[in-house]
Amino acid sequence: MFIEIYSNLVRTLYPYVINPYIKKRLQKGKEDKARHNERLGNPAKERPEGKLIWFHGASVGESLSMLPLIHKILKENPNCHIMVTTGTVTSAELMGKRLPEGAFHQYIPIDNPDFCKKFIEHWRPDMALWFESELWPGMLGEIKKHKIPLILINGRISDKTFGRWKLFSFVSKELLSCFNLCLGQSDEDARRLEVIGAQKAINLGNLKYAGFNPPVDENKKATILAQLNNRPVWGVISTHNDEESQIGKILPNLKAQIPGLLTIIAPRHPQRGPEIQEQLNALGLKTALRTKGEEITPQTDVYIADTIGEVGIWYDIAPIIFIGGSLIPHGGQNFIEPCRFKDAVLVGPFMHNFTDAMNRAKKANAVIQVRNTEQLQQQVLNLFADKEALQKQQEQCYAWATGEAKVLDGISDVIKEYL
């Protein structure tokens, strides 16, 4: 009943509310003008022959977590094709670079049931894999109508989301009834999914544990290393607004005790690069912005890596990595990738997006969690001062991350049953 009411409401409101909103997003560059037809349910290509498995994830994090599973399925099913849908320009650019042969990207249609129907009837997927927790009623309703097997992968239900869904359980039950199976990231996620209406929910682990390392362009890396000229360096990755300023305030103290220290900051949203440069310059720091082509000089305090698809370079160059989204109540970003690069990894106090992973990592002494920038400063100083402690921390990070990668086989086996 809810999906039907929602669908009728969207059809009614689309010309007056939703379409003007989408036009504003187009004007601001938040939508892809060249491929906007895909957002209206109009395909950009013909459906390939044979089996087609559809992967959907909201944005960058979800789409990156798909890659190991995509490679495994294509390797084990060479006649199969994979379509990946996402909703953001950044994720589309990234998937264009990272998807293997046999897989292709399309934008998810706006959740107007008419657009969703066109999309489903054109592509006719044999199975749909939905990553994490973005539940679009219009599209889920069409998938159910067309009797397409649907599995939720890496489902995560935060405290806030759990409380909200319990209040509106009649909605969550209807939405989750569209799924044949829900795979939670943890036992607690699986339990919560069942409480709010999943017919079947189990935990096979977090697929992000099995992710591929981001690519490293060796030529670009060599250029950066030449500019560094053996200077000590650490990385501050996936930062959000205000974190750059917080960390900027401790950099003079760090540099006073670690002569020549360079900090590489790679913001979660690269378009914030010029804004970050202004903030750090105002603190008296000398910065260089990658998108401007500004090189690292001996005077550079902070190199702002405001680009897409180059984070592997920074993980590979820097022996110590701090992961952002964790000094503010955002909930943290993916800290598992730098562990696989054998970095010493630090995070802030707010890591509630990764509660299960953090508990497992801390139990293995794999990740250092700090309460504030003062503690962060001290931990960075300690690691740079003690090479043996740094090496031990790096090895613990790597051992934990590689040991968790077995989750991929379990999820792959479940998909085979439904395919």
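FYI, side chains are in, hydrogens and waters are out, and symmetry mates aren't considered; it's all heavy atoms of this structure.
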Report, as yes or no, whether the 6.0 Å neighbourhood of atom [atom1] on [X] holds more than 12 heavy atoms from other residues, nucleotides or ligands.
X: K97; atom1: NZ; result: yes
X: E121; atom1: CD; result: yes
X: F168; atom1: CZ; result: no
X: K255; atom1: NZ; result: yes
X: F162; atom1: CZ; result: yes
X: E218; atom1: CD; result: yes
X: W136; atom1: CH2; result: no

With the threshold set at 4.0 Å, does a side-chain nitrogen-carboxylate oxygen contact exist between [X] and [Y]?
X: K342; Y: D316; answer: no
X: D306; Y: R272; answer: no
X: K200; Y: E194; answer: no

Requested in this report: Return the orientation label for the W123 and F104 ring planes: parallel under 30°, perpendicular over 60°, tilted otherwise.
Outcome: tilted

**Report entry** Geometric class of the H352/F350 ring pair [parallel <30°, tilted 30-60°, perpendicular >60°]
**Finding:** perpendicular

Does any donor atom in the side chain of [X] or [Y] lie under 3.5 Å from an acceptor atom in the other side chain?
X: H105; Y: R98; answer: no
X: N206; Y: D356; answer: no
X: T161; Y: S158; answer: yes
X: S172; Y: K166; answer: no
X: Y107; Y: N37; answer: no
X: D343; Y: Y315; answer: no
X: N42; Y: K118; answer: yes
X: Q106; Y: T85; answer: no
X: Q246; Y: D242; answer: yes
X: Q378; Y: N382; answer: yes

Please list, chain by chain and in numerical order, all residues satisfying side chain to side chain contact (heavy atoms under 4.5 Å, CB included) with [X], sequence neighbours excluded.
X: K416; answer: E76, S412, D413
X: Q391; answer: Q394, E395
X: I202; answer: L181, L183, L204

Query raised in the report: F115 and Y14: ring pair (Phe, Tyr, Trp, His ring centres under 6.0 Å), yes or no, with the steps?
Result: CA-CA 11 Å; F115 301 162; Y14 184 79; 5.2 Å; yes

Query raised in the report: Sub-3.5 Å donor-acceptor pair from the side chain of N77 to the main-chain atoms of C80, do we have one?
Result: no

Side chain to side chain donor-acceptor pair (under 3.5 Å) against [X], all qualifying residues, sequence neighbours excluded:
X: K160; value: none
X: R164; value: none
X: T287; value: Q277, N281
X: H81; value: none

Report task. For this output row, return yes or no: ring centroids of Y209 and W400 closer than 6.0 angstrom. Result -> yes

Query raised in the report: Where do E46 and H122 land on the side-chain hydrogen bond (donor to acceptor under 3.5 Å, both in side chains) test, with the steps shown first?
Result: CA-CA 8 Å; E46 292 300 314; H122 174 81; 5.0 Å; no

Query raised in the report: Side chains of I151 and I153: does their closest heavy-atom pair fall under 4.5 Å?
Result: yes

Requested in this report: Would you mind reporting whether M83 and L52 have side-chain heavy atoms less than 4.5 Å apart?
Outcome: yes

**Report entry** Residue pair S59 / S91: nearest heavy atoms and the distance that separates them
**Finding:** C-CB, 3.8 Å

Report task. Indicate the atoms forming the closest heavy-atom contact of S245 with Q279, along with that distance. Result -> OG-OE1, 3.4 Å

Query raised in the report: Does any pair with a residue in residues 27-73 pass ring pair (Phe, Tyr, Trp, His ring centres under 6.0 Å), and if so which ones, sequence neighbours excluded?
Result: W54-F119, W54-W130, F55-F131, H56-W130, H71-F212

Under the salt bridge (Lys or Arg N to Asp or Glu O under 4.0 Å) test, which residues partner [X], sequence neighbours left out?
X: E310; value: K220, R290
X: R39; value: E31
X: E243; value: none
X: D409; value: K72

Query raised in the report: If you measure from CG on L254 to CG on L381, what distance do you get to the nearest 0.5 Å?
Result: 5.0 Å

Requested in this report: Would you sort out whether N334 and I323 count as a side chain to side chain contact (heavy atoms under 4.5 Å, CB included), showing the intermediate values?
Outcome: CA-CA 8 Å; N334 186 347; I323 292 295; over 6 Å; no

